[in-house]
Amino acid sequence: MSETPQTPGAADSPHADVERILLSAEQIEQRLNELGAQIAEDYAENPPILVGVLKGAVMVMADLSRRIDLRTEMDWMAVSSYGSGTKSSGVVRILKDLGTDITDRHVLIVEDIIDSGLTLSWLLANLRSRGPRSVEVCTLLRKPEAARVEIDVRYVGFDIPNEFVIGYGLDFAESYRNLPYVGVLRRSVYED
Ligand code: PRP
């Protein structure tokens with residue numbers, strides 16, 4: 001059996017559509033180690049419920065949660081943003097709601113990326129209306145140049161340039177989520 005290519009450019013693999021690797025699996029792992037330790041320290045007296053936003057946050061949640069050495073709970077929401085394909089509009093619909101009552105709970109939202117910030121802005125307002133004790137955000141990636149709303153984010157893995165990124169949960173047309181790193185998608189893949 002041949003080895004899985006770990007560098008962009010190999011033919012017949014998702015790696016071939018990657019222009020360059022922005023964050024390696026090792027860089028991501030190291031940063032999540034730091035964030036997990038920080039979160040465990042900050043929430044030592046008040047273990048949070050981790051709320052992952054499907055589907056992109058699956059990888060971050062899986063890896064981050066195992067680095068938070070506390071008795072945490074985990075739940076998921078799926079939301080759909082009405083937008084023009086790649087741009088979100090801020091109008092959000094709940095596809096899957098929490099199964100947990102978060103009244104009086106400490107909530108930590110786990111996201112893969114904050115782009116315009118519109119999805120998260122809506123989600124924060126929605127969750128805050130349910131009477132939690134606190135709501136904070138942990139995101140692996142943030143694109144400061146794309147921000148359309150200002151959001152106070154407590155934990156940020158990396159600020160990245162405003163490029164089309166895929167991998168480690170992030171998709172283009174539902175593909176590439178399984179790449180172990182975050183890479184920049186080749187323009188030829190999404191432009192004619
Ligand atoms: C992505 C990401 C965030 C949102 C960020 O989800 O996971 O939830 O977009 O964009 P914004 O800051 O511009 O609102 P997406 O809607 O692509 O769904 P997915 O997680 O299933 O890929």
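For reference, positions follow the sequence shown, starting with 1. Counting starts at 1 for both ligands and their atoms, following the listed order.
- Linking Ile, Leu, Val, Met, Phe, Trp and Tyr whenever their side-chain heavy atoms come within less than 4.5 Å leaves Trp122 and Trp76 in two separate clusters.
- Between Glu163 and Arg187, none of the side-chain N atoms (NZ, or NE/NH1/NH2) sits under 4.0 Å from a carboxylate O, so this pair counts as no salt bridge.
- At a 4.0 Å heavy-atom cut-off, ligand 1 touches Thr119 through backbone and side chain alike.
- For Ile39 against Cys138, the heavy-atom pair with the smallest separation is CD1-SG, 4.1 Å.
- Taking any N or O of Ala57, backbone or side chain, none lies under 3.5 Å from an N or O belonging to ligand 1.
- Annotation: salt bridge (Lys or Arg N to Asp or Glu O under 4.0 Å) contacts involving residues 40-49, sequence neighbours excluded, comprise Asp42-Arg154.
- In terms of polar-atom proximity, Ile114 is not counted as a contact of ligand 1, lacking any N or O under 3.5 Å from an N or O of the ligand.
- Distances below 4.0 Å separate heavy atoms of Glu111 from the following atoms of ligand 1: 2 (C), 3 (C), 7 (O), 8 (O).
- A salt bridge between Arg142 and Asp159 is present, with a side-chain N of the basic residue lying under 4.0 Å from a carboxylate O of the acidic one.
- Partner of Leu141 under the side-chain contact (heavy atoms from CB on, under 4.5 Å) criterion, chosen from Leu170, Ile28, Asp112, Leu22: Leu170.
- Scanning both residues, Arg66 and Asp63, for their nearest heavy atoms gives NH2-OD1, 2.8 Å.
- Shown in contact with Asp112 at under 4.0 Å from a heavy atom are these atoms of ligand 1, numbered in order with element: 2 (C), 7 (O).
- Close contacts between ligand 1 and Leu54 involve ligand atoms 20 (O), 21 (O) [criterion: under 4.0 Å to a heavy atom].
- In this structure, Arg177 counts as a contact residue of ligand 1, since one of its heavy atoms falls inside 4.0 Å of the ligand.
- Within a 6.0 Å sphere centred on CG of Asn33, other residues, nucleotides and ligands contribute more than 12 heavy atoms.
- For ligand 1 and Ser116, the ligand atoms under 4.0 Å from any heavy atom of the residue are 11 (P), 12 (O), 13 (O), 14 (O).
- Atoms of ligand 1 lying under 4.0 Å from any heavy atom of Leu118, numbered from 1 in the order shown and given with element: 12 (O), 14 (O).
- Residue contacts with ligand 1: Asp171 is included, with a non-hydrogen atom under 4.0 Å away.
- Here is the list of ligand 1 atoms found below 4.0 Å of a heavy atom in Ile113: 2 (C), 3 (C), 5 (C).
- Near Gly117, meaning under 4.0 Å from any of its heavy atoms, are these atoms of ligand 1: 11 (P), 12 (O), 13 (O).
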